[in-house]
Amino acid sequence: MDAFPGGGSAITTILVVSDTATSAAWYRDVLGAEVNRTYGSSAVLRIFDAWLLLVEEGGPTPDKPDVHFTSPDDPGRVAHAFTIRVEDCDAAHAELRERGAEFLTPPIHRPEETRCFFRDPDGHLFEISQA
């Protein structure tokens with residue numbers, strides 16, 4: 001029997017945010033995430049079919065002695081982004097704008113896809129894309 005990945009394994013994306021309560025509310029209200037639980041300065045969210053852990057900035061700990069968690073310091077430089085595939089990019093764009101998402105541009109229509117981008121309160125980049 002393999003020890004990794006064992007039964008029941010799942011992957012969780014960790015996002016460093018400046019304020020957990022503000023970000024959890026944004027993910028709940030704008031993207032429809034379910035807040036599974038909160039503890040300390042962290043929140044565990046279920047979004048689409050994935051887990052998202054929101055944590056606040058912090059320095060090294062005994063289990064990660066030379067790691068600093070920081071939220072994005074320059075929204076114009078991206079090291080990680082999310083793509084959400086949708087059936088109708090224009091309709092999703094309109095609904096997400098009503099919920100408070102602020103888009104960089106309206107949807108751009110190309111022969112192979114329609115897409116547009118928005119950010120969460122800390123600058124993490126999201127794309128909605130229609131193939």
Side-chain angles (χ1 to χ4, degrees):
M1 177 169 78
D2 293 329
F4 182 85
S9 294
I11 195 162
T12 299
T13 298
I14 297 173
L15 283 184
V16 182
V17 299
S18 56
D19 182 87
T20 302
T22 298
S23 292
W26 186 90
Y27 280 89
R28 182 194 64 225
D29 298 343
V30 175
L31 295 183
E34 173 190 335
V35 179
N36 183 274
R37 68 186 172 107
T38 60
Y39 59 95
S41 61
S42 301
V44 179
L45 309 177
R46 187 76 171 156
I47 181 165
F48 307 114
D49 198 22
W51 292 102
L52 185 62
L53 174 61
L54 304 178
V55 299
E56 292 185 9
E57 297 181 342
T61 59
D63 55 342
K64 50 181 181 48
D66 57 357
V67 175
H68 295 263
F69 275 17
T70 62
S71 58
D73 59 355
D74 179 356
R77 298 177 58 89
V78 176
H80 179 89
F82 294 92
T83 297
I84 305 166
R85 292 285 180 196
V86 296
E87 291 182 13
D88 184 335
C89 191
D90 292 309
H93 171 263
E95 184 169 339
L96 288 170
R97 281 189 63 210
E98 287 179 19
R99 294 181 185 183
E102 295 181 17
F103 283 83
L104 280 61
T105 68
I108 303 294
H109 299 270
R110 300 178 182 173
E112 64 278 1
E113 72 177 342
T114 300
R115 69 183 189 181
C116 54
F117 294 85
F118 61 100
R119 294 187 177 106
D120 78 357
D122 287 285
H124 297 283
L125 190 65
F126 283 82
E127 170 190 0
I128 52 173
S129 175
Q130 172 187 340

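Residue numbers count from 1 along this sequence. Keep in mind that the numbers below use all heavy atoms, side chains included, and drop hydrogens, waters and symmetry copies.
Using modelled atom types, one finds no donor on one side chain facing an acceptor on the other under 3.5 Å when comparing E56 with S42.
For residues 9-61, every residue pair satisfying the ring-ring contact (aromatic ring centres under 6.0 Å, His included) rule, not counting sequence neighbours, is listed here: Y27-F126. Legend: salt bridge (Lys or Arg N to Asp or Glu O under 4.0 Å) pairs involving residues 93-106, not counting sequence neighbours, sorted by first then second residue: E95-R99. Sorted by first and then second residue, the salt bridge (Lys or Arg N to Asp or Glu O under 4.0 Å) pairs with a member in residues 17-26 form an empty list; sequence neighbours excluded. For residues 39-50, the pairs satisfying salt bridge (Lys or Arg N to Asp or Glu O under 4.0 Å) are R46-D49, with sequence neighbours left out. Sorted by first and then second residue, the pairs that involve residues 76-89 and meet salt bridge (Lys or Arg N to Asp or Glu O under 4.0 Å), not counting sequence neighbours, are R85-E113.
For D63, the side-chain hydrogen bond (donor to acceptor under 3.5 Å, both in side chains) partners two or more places apart in sequence, or in a different chain, are T61. Residues meeting the side-chain contact (heavy atoms from CB on, under 4.5 Å) test with P107, sequence neighbours left out: C89, D90, H93, H109, T114, C116. For H68, there are no ring-ring contact (aromatic ring centres under 6.0 Å, His included) partners two or more places apart in sequence or in a different chain. For E127, the side-chain hydrogen bond (donor to acceptor under 3.5 Å, both in side chains) partners are T83, not counting sequence neighbours. Taking F69 as the reference, nothing meets the ring-ring contact (aromatic ring centres under 6.0 Å, His included) condition, with sequence neighbours excluded. Partners of R28 by side-chain hydrogen bond (donor to acceptor under 3.5 Å, both in side chains), not counting sequence neighbours: none found.
Two residues are said to be in side-chain contact when any heavy atoms from C-beta on lie closer than 4.5 Å; V17 and V55 fail this criterion. Here the side chains of F103 and I128 are in contact, with some heavy-atom distance below 4.5 Å. Contact check for L15 versus L52: side-chain heavy atoms found under the 4.5 Å cut-off.
Think of I11 as one node in a network of Ile, Leu, Val, Met, Phe, Trp and Tyr side chains linked at under 4.5 Å; it has no links at all.
Judged by distance alone, with hydrogens and angles left aside, the side-chain atoms of D122 form no donor-acceptor pair with the main-chain N or O of H124 at under 3.5 Å.
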